[in-house]
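Okay, so here's the structure we're looking at.
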Amino acid sequence: MNFILEATVKAVKHLYNTDIAAADINLQETRKEFEGQVTVVTFPFTKFSKKSPEQTGADVGTFLLDELVDVSGFNVVKGFLNISLADSYWIKQLYTEILPDSFAVAEPNGQKVMVEYSSPNTNKPLHLGHVRNNLLGFSVSEILAAAGYEVVKTNLVNDRGIHICKSMLAWQKFGEGETPESTGMKGDHLVGKYYVIFDKEYKKQIEELKAAGQTEDEAKKNAPLIKEAQSMLQQWEAGNEAVITLWKTMNNWVYTGFAETYKKLGVSFDKFYYESDTYLLGKDIVDEGLEKGVFFKKDDGSVWIDLTADGLDEKLVLRSDGTSVYMTQDMGTAQLKYNDYHMDKSIYVVGNEQDYHFKVLFTILNKLGKDGAAGLYHLSYGMVDLPSGKMKSREGTVVDADDLVNDMEQTAKDQTEAMGKVDGFTDDEKLQLYHTIGMGALKYFLLKVDPKKRLLFNPEESVDFQGHTGPFIQYTHARIRSVLSRAKITNAEITVKEIAAEERDVIAILTQFPAIIQTAAEGYSPAIIANYVYELAKVYNKFYHEKSILQAEDEEVKQFRLQLSSASGKVINKAMKLLGIEVPERM
RNA sequence: GCACUUGUAGCUCAAUUGGAUAGAGCACCUGACUACGGAUCAGGAGGUUAGGGGUUCGACUCCCUUCAAGUGCACCA
């Protein structure tokens, strides 16, 4: 629609002798209830036109009508100039823009972006919260790649610390040599089981100590189990061979389990970082900060940064005993990542409970003048709540990721069978189909919502398969494929003279796709893609319902509609891919 | 207590970043060519955009204020 903007700039210059920038013009889709397809908001022009909004709109509209062959008419409602574009324009769009393979393939923009997501702890299996994280991270990566970025997907695995020692210790004490092989349990679930056991036994000890007269705080500190776990962590840091071996064994169980879950979720990574490698980093940055005077040292030797001028607090960056804290590590890891990839942007997909941490981290890196600091972004997302309240791994009130995937597949199976739509599928194809539909429903459900908002998930109510859902869009695609399979389609350009409103609407929404990708990339928002592809499916369905394709008036019209359908199917497929969702040929 | 985020139809979400009469889906009601695939389409009903004030041609959007919910304020990660 740039040509409208350019012509409007020209119109304003010609009519009112005023220079305006094309970017300042408010161009929007015309609302359904009015005639036209694009609308220029002309209120802002009244400042220099010195005329009423209506008159100003009419002036500009007349100019555009004279100037542009593709403009077939206009009307003015208040300060809104609604422009109708000729059928020939839309037909041309279909053949020159949408149908070519180059459609919505962005030129590489020469920028590199890193997306860090997932970042699990290795002491328990993934749950619904991680699912949101993984789907968001993967989808944002796909969107950025489609917008022209070179994308590096990374996973920073939190593989060390007291929480893993808890699982290790409980396994040592109560595990009786259980392994994933001996129990048939997924490795991450087995390790998670011992994390829960630790917590149960630990609580028992706390109660005993309290009964013996200790306060809650004392009991928590003095319980033998927690002391053992702490000493195990110290042994790990000291490099104790037995501890390290156990740690490696159990971590490997977890990794095998995670790999399976990642595969089911359809997410992947280009690079793994491990905290066991990075937890000591960052101390040289502390030195650097002290030299530059960004940090200061207190009498006890601890190092701090004063961010009160930035509306934040004083923050510790190094303990008095010289060991690192979370912030130290993250500064170091940020440096490591930058050294490895020299990316222009770095996105952290992390829950909103860490908003403050990342605000501080980014402020520090900027103050230190670090390369790439300007490109840091925290993609913060809300928690997933259950009707019963928060999910807590230790108390077992979580929606497990693997269970969830299985449930979704089961629901997809039930629904599909109830509709009797499995004729002609082999058993393998059925399983594949249930997976595609179930995951389509789940992914769409989680991604259509603005990441910032917290999400309520009710496991009692199955995720919908009708209406504003993934399967609705998948169904639209399957139906398009079905029609296309019943006719021979030519590649030739068809010379239809005029098109129906339903056809024009489909073309109009298709032309928006490249711009939608850019907007979604700028806002790191899969929800924008999700809502777009839903609109597209709806507009297509309306066309499909109103106009017969295979029984069209004549062969030309039939071919035109087939090509329009083919283009719609491709864009649906592509858009859904950006969400990490597959679309089936049949369902 | 302080800081950040959120609050839109009974429920789940939109609203082109300040534009038109605030739109969809679910649920509820009514209809659709003897199905190019009905997981569809058309229609009805449902709103003081949490409350109040302000800014302007124009506010769900920006500012102030009150309320509600969530999260964060460790020499934990």
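In terms of phosphate contacts, Y356(A) brings no side-chain nitrogen or oxygen within less than 4.0 Å of OP1 or OP2 of rG72(B).
Protein atom CG of L447(A) is 12 Å distant from nucleotide atom P of rA14(B), rounded to whole Å. One can place CG of D385(A) at 15 Å from C1' of rG7(B), the figure rounded to the nearest angstrom. Regarding I164(A), its CD1 atom lies at a distance of 13 Å from the C1' atom of rC76(B), rounded to whole Å. Separating the NE2 atom of H477(A) from the P atom of rU40(B) is a distance of 17 Å, rounded to the nearest angstrom. Summarising the geometry, the separation between NZ on K453(A) and C1' on rC4(B) is reported as 17 Å, rounded to the nearest angstrom. Rounded to whole Å, the distance from CZ on R132(A) to C1' on rG70(B) is 13 Å. With rounding to whole Å, I162(A) atom CD1 is found 11 Å from rA77(B) atom P. Across the protein-nucleic acid pair, Y534(A) atom OH and rU16(B) atom P stand 18 Å apart, rounded to whole Å.
For the residue pair Q415(A) and Y434(A), no side-chain donor N or O sits within less than 3.5 Å of a side-chain acceptor on the partner. Using a 3.5 Å distance cut-off with no hydrogens or angles, the side chains of T46(A) and T56(A) do not pair a donor with an acceptor. A donor-acceptor contact closer than 3.5 angstrom links the side chains of H357(A) and D330(A). For the 3.5 Å distance criterion, the side chains of Y540(A) and S565(A) qualify, holding a donor opposite an acceptor. Side-chain contact of Y117(A) with N155(A): a donor-acceptor pair under 3.5 Å is absent, judged by distance alone. Side-chain N/O atoms of N82(A) and N75(A) include a donor and acceptor closer than 3.5 Å.
Taking 90° from 0 as the syn/anti boundary, the base of rU17(B) is oriented syn.
Looking at residues two or more places apart in sequence or on another chain, you find no ring pair (Phe, Tyr, Trp, His ring centres under 6.0 Å) involving F560(A). Shown here are the side chain to side chain donor-acceptor pair (under 3.5 Å) partners of K51(A), two or more places apart in sequence or in another chain: D59(A).
Here E417(A) pairs with K413(A) in a salt bridge; the nearest charged N to carboxylate O distance falls below 4.0 Å. Residues R561(A) and E553(A) are paired through a salt bridge, judged by an N-O separation under 4.0 Å between the basic side chain and the carboxylate. Salt bridge annotation for R160(A)-E237(A): present, with a cationic side-chain nitrogen under 4.0 angstrom from a carboxylate oxygen. For the pair K542(A) and E502(A), the salt-bridge criterion is not met [side-chain N within less than 4.0 Å of a carboxylate O].
The residue A487(A) sits apart from the nucleic acid: no heavy atom pair falls under 4.0 Å. Base engagement by I437(A) is indicated by at least one non-hydrogen atom pair under 4.0 Å involving a base atom. At a threshold of 4.0 angstrom between heavy atoms, the contacts of V325(A) are confined to the sugar-phosphate backbone, with no base atom among them. Among the atoms of the strands shown, only primed sugar atoms or phosphate atoms (P, OP1, OP2) are found under 4.0 Å from some heavy atom of K32(A). Residue contacts for H468(A): at a heavy-atom cut-off of 4.0 Å it reaches the sugar-phosphate backbone alone, with no base atom in range. Contact annotation for R31(A): base contact, defined as any heavy-atom pair under 4.0 Å involving a base atom. Among the heavy atoms of the strands lying under 4.0 Å from E353(A) are primed sugar atoms or P, OP1, OP2 only; no base atom is included. Counting any heavy atom pair closer than 4.0 Å across all strands shown, K538(A) reaches sugar-phosphate atoms only and no base atom. Counting any heavy atom pair closer than 4.0 Å across all strands shown, D423(A) reaches no nucleic acid atom. Here F80(A) lies in heavy-atom contact (under 4.0 Å) with a base. The residue D450(A) sits close only to the backbone: its heavy atoms come under 4.0 Å of sugar-phosphate atoms, none of a base. Contact annotation for E535(A): no contact, since no heavy-atom pair falls under 4.0 Å across all strands.
Straight-line distance between the C1' atoms of rA35(B) and rU48(B): roughly 45 Å, to the nearest whole Å. With C1' as the reference atom, rC57(B) and rA9(B) are 30 Å apart, rounded to whole Å. rU55(B) and rU65(B) have their C1' atoms separated by 15 Å, given to the nearest Å. Taking atom C1' in both rG47(B) and rG37(B), one finds a spacing of 37 Å when rounded to whole Å. The same atom, C1', is picked in rC41(B) and in rG51(B); the two are 41 Å apart, to the nearest Å. rU40(B) and rC11(B) have their P atoms separated by 24 Å, given to the nearest Å.
Within residues 300-319 of chain A, the residues that have a heavy atom under 4.0 Å from RNA chain B are, in order of number, D300(A), S302(A), D313(A), L316(A), R319(A). Applying a 4.0 Å cut-off to non-hydrogen atoms, none of the residues of residues 500-512 of chain A approaches RNA chain B. Remark: nothing in residues 516-531 of chain A comes within less than 4.0 Å of RNA chain B through any heavy atom.
The list of salt bridge (charged side-chain N to carboxylate O under 4.0 Å, His left out) pairs with a residue in residues 303-329 of chain A, not counting sequence neighbours, reads K298(A)-E314(A), D310(A)-K367(A).
Mapped onto RNA chain B by nearest heavy atom, I549(A) and P44(A) fall at different nucleotides, with P44(A) at the one closer to the 5' end. Along RNA chain B, the nucleotide closest to E585(A) and the one closest to L27(A) are compared, and the more 5′ of them pairs with L27(A).
The L455(A) side chain lies nearest to rC13(B) when the options are rC13(B), rA39(B), rC41(B). In the set rA39(B), rA69(B), rC36(B), rA39(B) carries the atom at the smallest distance from any side-chain atom of M587(A). Closest contact between the side chain of S548(A) and the listed nucleotides rA20(B), rU12(B), rC36(B) involves rC36(B). Listed nucleotides: rC41(B), rA77(B), rG37(B). Nearest to the side chain of K542(A): rC41(B). Checked against rU40(B), rU16(B), rC13(B), the side chain of V449(A) finds its nearest nucleotide in rC13(B).
F34(A) qualifies as a stacking partner of the rA20(B) base, centre to centre under 5.5 Å and near-parallel within 30°. For Y544(A) and rC36(B), the ring-to-base geometry satisfies the stacking test (centroid distance below 5.5 Å, interplanar angle below 30°).
In this structure, K337(A) satisfies the cation-pi test against Y348(A), with its NZ or CZ atom closer than 6.0 Å to the six-membered ring centre and inside 45 degrees of the ring normal.
Looking at T416(A), its side chain comes within 3.5 Å of the base of rA39(B) through a donor and an acceptor atom. In terms of polar N and O atoms assigned as donor or acceptor, the side chain of T39(A) comes within less than 3.5 Å of the base of rA20(B) in a complementary pairing. Checked by distance alone, D464(A) brings no side-chain donor or acceptor within 3.5 Å of a matching partner on the base of rA39(B).
Considering every non-hydrogen atom in both N352(A) and S380(A), the closest pair reads CB-OG, 3.0 Å.
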Can F80(A) and F34(A) be said to form a ring pair (Phe, Tyr, Trp, His ring centres under 6.0 Å), step by step?
-> CA-CA 10 Å; F80(A) 297 93; F34(A) 301 103; 7.9 Å; no

